[in-house]
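So the structure is just underneath, and the comments pick up after that.
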There are 2 protein chains.
Amino acid sequence: MDTELRQTLHRRGLRMTPQRQLVLDAVAELGHATPEAICSKVQEIAPAVNITTVYRTLDLLEQLGIVRHTHLGHGAPTYATGEHEHVHLVCHRCGTVDEVDAGLLDDLAEVLASRVGFALDPTHVALSGLCSRCETSDSEADV
Amino acid sequence: MDTELRQTLHRRGLRMTPQRQLVLDAVAELGHATPEAICSKVQEIAPAVNITTVYRTLDLLEQLGIVRHTHLGHGAPTYATGEHEHVHLVCHRCGTVDEVDAGLLDDLAEVLASRVGFALDPTHVALSGLCSRCETSDSEADV
DNA sequence: CTAGCTGCAAAGGATTTGCAAGCGC
DNA sequence: GCGCTTGCAAATCCTTTGCAGCTAG
């Protein structure tokens, strides 16, 4: 499997370096993480790796379709491997990130496709709202 | 209407200043705009107004529920008045932002509420994918 | 040798914070 | 006078860029 990636790189005159392998491993292991988190993870093993390299590698891996990033609302985007297909639910209030099956958006995707001709990419989306806990405390406080 | 806001502010020991009025006007007029765009708009009338004030005012207005912001994908969030209720569709490729009726998410909202107890806020969401134009050119290029 | 990779430092854009001056009540 | 507001400058956060050195083929 990594062989495949290696070949893809090679075909483009690029190489699979230790840094790139480490970044990819970190992304796969962390599930979804910010560039900084990924960098920290990588640096546990190779402290010399610079965050610049992490950014550059993430860009590269994304162009190759190996990883994808999701904007979770405010600041830093999170990166995940392609297999990591789910929808993020971000709570306005507490910032908790839940994950639900991407299939939940299938109906919506169909509607958007037929009505607007828009091809929805469910995994890039972070839906926002209130998680069950905050919603409860919200209605209590709502006097 | 503005009287109401004025009173809301007053109740909290806050004031309706010219700056705040201008920012609110700009948000209402622009529909959805980045802080910087809002600032420019405001500065057309009052050049001395600082962007810091715009940020602070937007925060304030948001806390009061007068405006809300939406993350359109990458960088800058856009602000709109509460009435401006629609869903944004952002194209990965060309960055175009379409708007569709928030009602399209009603079904999804129901599912999320019953299954996960998550109260979806449709207007805060920017869905991403490929717009019809890019999708077409994409499948052509997909050889 | 040539091209790709990397680390480091600096630059850049967006947003926040600290602070002192200004103004309304 | 007191506290809310504001402008300005500086600080922060996140990301990108420029550059020189190193490395693989």
Side-chain angles (χ1 to χ4, degrees), chain A residues 5-27 32-43 45-64 66-79 95 126, chain B residues 5-24 26-27 32-43 45-64 66-67 69-79 95 126:
Chain A
L5 169 56
R6 194 172 230 101
Q7 289 176 358
T8 306
L9 288 167
H10 198 259
R11 220 172 298 132
R12 308 193 180 204
L14 307 175
R15 277 171 278 152
M16 173 53 97
T17 65
Q19 286 90 334
R20 287 175 180 168
Q21 185 66 57
L22 286 168
V23 169
L24 180 53
D25 290 350
V27 172
H32 56 84
T34 62
E36 222 173 328
I38 292 165
C39 188
S40 299
K41 189 79 189 170
V42 168
Q43 289 179 337
I45 297 170
V49 174
N50 195 284
I51 193 164
T52 304
T53 301
V54 173
Y55 276 107
R56 284 193 281 228
T57 303
L58 288 172
D59 278 356
L60 174 64
L61 293 176
E62 186 152 34
Q63 279 171 36
L64 297 180
I66 315 285
V67 306
R68 37 178 66 224
H69 75 273
T70 306
H71 293 281
L72 250 41
H74 91 296
T78 65
Y79 287 78
Chain B
L5 170 54
R6 194 172 230 98
Q7 289 176 356
T8 307
L9 289 168
H10 197 259
R11 218 173 300 133
R12 307 192 181 206
L14 307 174
R15 275 171 279 152
M16 174 54 96
T17 64
Q19 285 90 335
R20 285 176 181 168
Q21 185 66 57
L22 286 168
V23 169
L24 180 52
V27 172
H32 57 84
T34 62
E36 220 173 329
I38 293 165
C39 188
S40 300
K41 188 80 190 170
V42 168
Q43 289 179 338
I45 298 172
V49 173
N50 195 284
I51 192 163
T52 304
T53 301
V54 173
Y55 277 107
R56 284 193 282 229
T57 302
L58 288 172
D59 277 358
L60 175 64
L61 293 176
E62 186 152 33
Q63 280 171 35
L64 298 180
I66 316 285
V67 306
H69 75 272
T70 305
H71 293 281
L72 248 42
H74 92 298
T78 65
Y79 287 78

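Being a predicted model, the structure only gives us computed values, none of them experimental. The sequence lines fix the lettering, A, B, ..., with proteins before strands; numbering per chain opens at 1.
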Sugar-phosphate, base or nothing in reach of Thr17(A), heavy atoms under 4.0 Å: sugar-phosphate
Distance in Å, Leu61(B) CG paired with His69(B) NE2, rounded so as to fall on 0.5 Å steps: 13.5 Å
For the side chain of Arg15(B) and the base of dC4(D), is some donor closer than 3.5 Å to an acceptor across the two? yes
Write down the distance between CZ (Arg12(A)) and C1' (dA3(C)), rounded to a whole number of angstrom. 17 Å
Nearest whole angstrom, please: distance from the P of dA14(C) to the OH of Tyr79(B). 14 Å
Which nucleotide in dT6(C), dA9(C), dG7(D) has an atom nearest any side-chain atom of Thr52(A): dA9(C)
State whether the number of non-hydrogen atoms from other residues, nucleotides or ligands found under 6.0 Å of Glu62(A) atom CD is greater than 12. yes
Report which part of the nucleic acid Pro18(B) touches: base, sugar-phosphate, or nothing (heavy-atom distance under 4.0 Å, all strands). nothing
Leu9(A) has an atom CG; how far is it from atom P of dG25(D), in whole Å? 13 Å
Any heavy-atom pair between the side chains of Leu14(B) and Arg20(B) that's under 4.5 Å? yes
Between dG13(C) atom C1' and Glu36(B) atom CD, what is the distance in whole Å? 8 Å
When all nucleic acid strands are considered with a 4.0 Å heavy-atom cut-off, which category describes Arg20(A): base, sugar-phosphate, or nothing? sugar-phosphate
What is the separation between atom CG on Leu58(B) and atom C1' on dT16(C), rounded to the nearest whole Å? 14 Å
Could you state the CD-P distance from Gln19(A) to dC22(D), rounded to the nearest angstrom? 15 Å
Nearest 0.5 Å please: distance from the CD1 atom of Ile38(A) over to the OH atom of Tyr55(A). 9.5 Å
In whole angstrom, give the distance that lies between atom CD of Gln21(B) and atom C1' of dT6(D). 17 Å
When Asn50(B) and Gly13(B) are each assigned the nearest nucleotide of DNA chain D, the 5'-most assignment goes to Gly13(B)
Steps toward side chain to side chain donor-acceptor pair (under 3.5 Å) verdict (Gln21(A), Asp25(A)): CA-CA 6 Å; Gln21(A) 185 66 57; Asp25(A) 290 350; 3.0 Å; yes
Heavy-atom nearest nucleotide on DNA chain C taken for His10(B) and for Pro35(B); more 5' hit belongs to Pro35(B)
From CG of Leu22(A) across to P of dG7(C) the rounded distance in Å is 10 Å
Spell out yes or no: do the side chain of Arg56(B) and the base of dG7(D) have one donor N/O and one acceptor N/O closer than 3.5 Å? yes
Does OP1 or OP2 of dT6(C) have a side-chain N or O of Thr53(A) closer than 4.0 Å? no
Under 4.0 Å between a side-chain N/O of Tyr55(A) and OP1 or OP2 of dT16(D), yes or no? no
